Amino acid sequence: MKKLIKLTGNKTELILLVIPSKFPEIIYWGKKLSLTSTEEAQFIEYSELPVPQAFLDDEQYLTIFPLLGNGAFQLNAFSGSRGQQSWAPQFRQLTYREASSGSLEIDARDEIAGLQLTIKLELNNWDILEQEITLTNIVNDSYQLNELFISLALPAKVNEMIQFHGRWIHEFQQQRSLINQPCYLVENLKGRTSNDNPPLLICGSNGFSHQAGEVYAFHLGWSGNHAYKLSMVSDGRKLVQFGEKFLPGEMTLSSGATYTSPKLYATYSDGGLNQLSHNFHAFIRESGRFAKHKRSYRPIHINTWEAMYFEHNQEMLFKLVYKAASLGIERFVLDDGWFNGRNHERAGLGDWFVDKNKYPNGLTPLIEQVKKSGMELGLWFEPEMVNPDSELFRKHPDWVLHLAGYQQPLGRYQYVLNLAHPEAYSYIKTCMVDLLNQYDIAYIKWDMNRDLVQPGNSLGYSGVHDQVLATYRLMDELNQLFPRLEIESCASGGARVDLGILRYTNRVWTSDCNDPVERQSIQEGFSYFFPPELMGSHFGPEQAHTTNRLNTLEYRILTAFFANLGFEQNLLELTAYECTQLKTYIDLYKKYRSLIHRGDFIWLDTLDPGQKIYGVISADKTQALFAVAQNGFPVNQVSSKLMIPYLDESKNYRVKLLNSQENTGYLMKKSVPLCNGELLLSGKVIANLGIQLPIMHPQSILLIAFTSN
Ligand code: DGJ
């Protein structure tokens with residue numbers, strides 16, 4: 001007997017058609033329908049599919065687990081074998097367990113192939129659909145799993161997508177395209193989440209935008225290799241499939257062993273990209289599934305990397321501490337260069353002992369100074385890496401991921417330590433625990449600066465999967481041992497930012513690029529899936545080290561505002577005037593920090609591709625803060641009006657430009673009221689008629705506050 005199972009979230013619903021002896025089919029995923037039982041019965045009665053000529057004789061449903069063994073061909077979600085057998089299972093014996101209105105578990109067995117499967121689906125209160133699949137080998141021989149995809153069908157009206165790609169200093173770039181090819185396949189084999197092909201995808205109806213349209217977003221919570229496929233089904237629907245990508249032989253299940261896939265997180269929005277990011281942000285902030293921030297607020301950082309690179313010098317560090325504290329900075333992060341032999345990038349990784357040449361009395365004097373100045377200390381580590389020029393490598397060359405007989409390629413002059421090797425793991429853990437016990441270290445910047453090539457373990461088997469799990473385990477154990485410790489996930493910038501690592505880390509280093517022109521687009525791509533407070537965004541030097549572009553102080557600091565603010569510059573080079581300006585902006589940031597870190601993050605659609613408008617609105621809509629960033633040359637001679645349809649139309653707002661006034665001259669003979677004082681406007685006027693913006697220079701930014709009592 002066919003029947004419907006409904007998974008209900010807060011505003012959305014997923015409806016599955018249960019078909020005897022087949023996996024169910026998603027027949028609806030969208031806003032809550034609340035069908036009556038009569039309506040359900042009507043649908044079921046007429047749900048038979050046509051069977052085309054010249055094809056299989058059975059009705060071909062698009063199930064949540066399409067299988068080659070059932071004739072799903074290129075939509076296949078599973079591949080594996082037991083030697084040359086058991087390569088096309090069908091999983092016929094299905095049982096359903098509905099735990100609550102939002103969650104469902106489906107068990108299935110294939111006695112011939114000797115496999116047991118459980119698919120778990122949960123549509124939670126944040127309207128995020130969480131799905132994972134577990135496979136168990138239930139017979140005596142080992143089974144080699146090659147692919148296991150989580151599959152979600154989308155309606156035919158979905159015909160555009162945003163894919164994400166990038167590279168170092170150019171992360172989270174968006175590629176928008178029409179879905180007009182039979183299949184798209186994206187694979188990441190870099191052994192970390194990657195900039196090139198992060199496990200993120202957005203699909204939507206024609207012309208979807210920030211403010212409008214139906215959109216579906218997908219995010220695989222995994223920090224290793226992955227693949228996703230997007231296929232056009234012959235009836236017009238689209239099938240999205242995500243899974244971990246295994247290297248040959250990597251996932252071999254011995255008798256009784258189980259593999260659990262990473263979780264796929266997906267959401268539906270009928271309010272464009274804004275609603276989908278609202279769903280993800282609320283889920284990350286409130287669900288308790290991810291690492292909790294351990295302070296009452298997220299401190300402002302100073303990070304030493306661009307201030308001194310490897311040239312650590314105690315005198316300069318002390319001066320930097322004073323300067324940072326005088327500006328109101330709250331956390332001092334000592335980046336790369338503090339440990340034995342680390343005078344350049346070619347040596348030292350693996351020797352996690354404080355360099356007595358640079359720090360004759362250890363880190364205590366620095367930490368005391370940092371604490372005396374009202375800050376806390378963060379310390380940089382790259383635990384998964386080792387330089388050939390290190391004591392660790394000289395003693396244990398066999399601890400690196402490699403394949404015997406081949407020359408393991410270097411990346412940033414380093415190898416990857418096999419963390420799944422018990423002794424290597426215990427050595428690294430001991431080094432870190434000793435330092436965390438000896439010193440008052442509040443925070444770890446956990447870096448990971450190279451991709452994995454020929455990542456073989458000591459048996460020569462592919463070790464990527466185990467490496468990811470060992471990294472998670474190490475983070476988890478440190479979190480347990482040091483409950484106040486916070487960890488930042490960094491991988492040459494944002495190459496390891498995903499919901500897998502965020503179960504253990506409290507902040508991410510989005511990019512090594514602090515040029516605001518580039519940052520504006522990096523941060524936009526990032527913002528759809530992650531809330532702003534997780535994003536480290538640092539004010540950098542006037543001439544950006546990564547691009548050489550020159551930018552004003554105001555554009556740099558305000559671009560880093562909608563984030564966890566930090567500084568990545570030798571503050572000792574700032575003029576007294578610049579320090580005064582920065583202090584004013586830091587005070588302003590602190591005033592709005594809780595709004596930025598808790599409010600609803602919104603993007604506005606703009607006609608000018610060089611302009612970005614975004615902001616945050618408090619839950620009760622009494623407060624909002626918006627940025628208008630003119631990144632490129634304005635396309636129009638006269639600027640547009642700022643219209644925000646997300647405020648409360650029944651309220652009156654005081655609207656105030658918060659920039660320091662000297663920068664608001666821009667390209668005008670005559671300015672606009674917004675630049676000359678506070679305005680009083682109703683939410684209705686702001687939403688429908690708008691506020692006239694000034695004509696802006698390229699590479700400039702406005703910060704506008706809205707307050708209603
Ligand atoms: C790469 C990171 O992204 C930088 O911020 C810095 O920590 C360097 N590594 C240090 O080697």
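Order of listing sets the numbers, starting from 1, for every ligand and every atom in it. Here the structure is a predicted model, which means the values were calculated and not measured.
- Annotation: the span from Lys245 atom NZ to His465 atom NE2 amounts to 15.5 Å, rounded to 0.5 Å.
- Contacts of ligand 1 (protein heavy-atom distance under 4.0 Å) are Trp305, Asp335, Asp336, Trp380, Arg412, Lys445, Asp447, Asn449, Cys490, Ser492, Gly493, Trp509, Asp512.
- Pairs passing the salt bridge (Lys or Arg N to Asp or Glu O under 4.0 Å) check and including a residue from residues 316-333, sequence neighbours excluded, read Glu315-Lys319, Glu330-Lys590, Glu330-Arg593, Arg331-Glu376, Arg331-Glu486.
- Taking the six-membered ring where the residue is Trp, Phe539 and Phe567 present tilted rings, their angle falling between 30° and 60°.
- Every pair passing ring pair (Phe, Tyr, Trp, His ring centres under 6.0 Å) that includes a residue from residues 505-527 is listed here, sequence neighbours excluded: Phe172-Phe526, Trp509-His538, Phe526-Phe530.
- Applying the 6.0 Å contact sphere to NZ of Lys395 captures no more than 12 heavy atoms from other residues, nucleotides or ligands.
- Evaluation of the salt bridge (Lys or Arg N to Asp or Glu O under 4.0 Å) test over residues 413-439, restricted to residues two or more places apart or in two chains, returns Lys429-Glu477.
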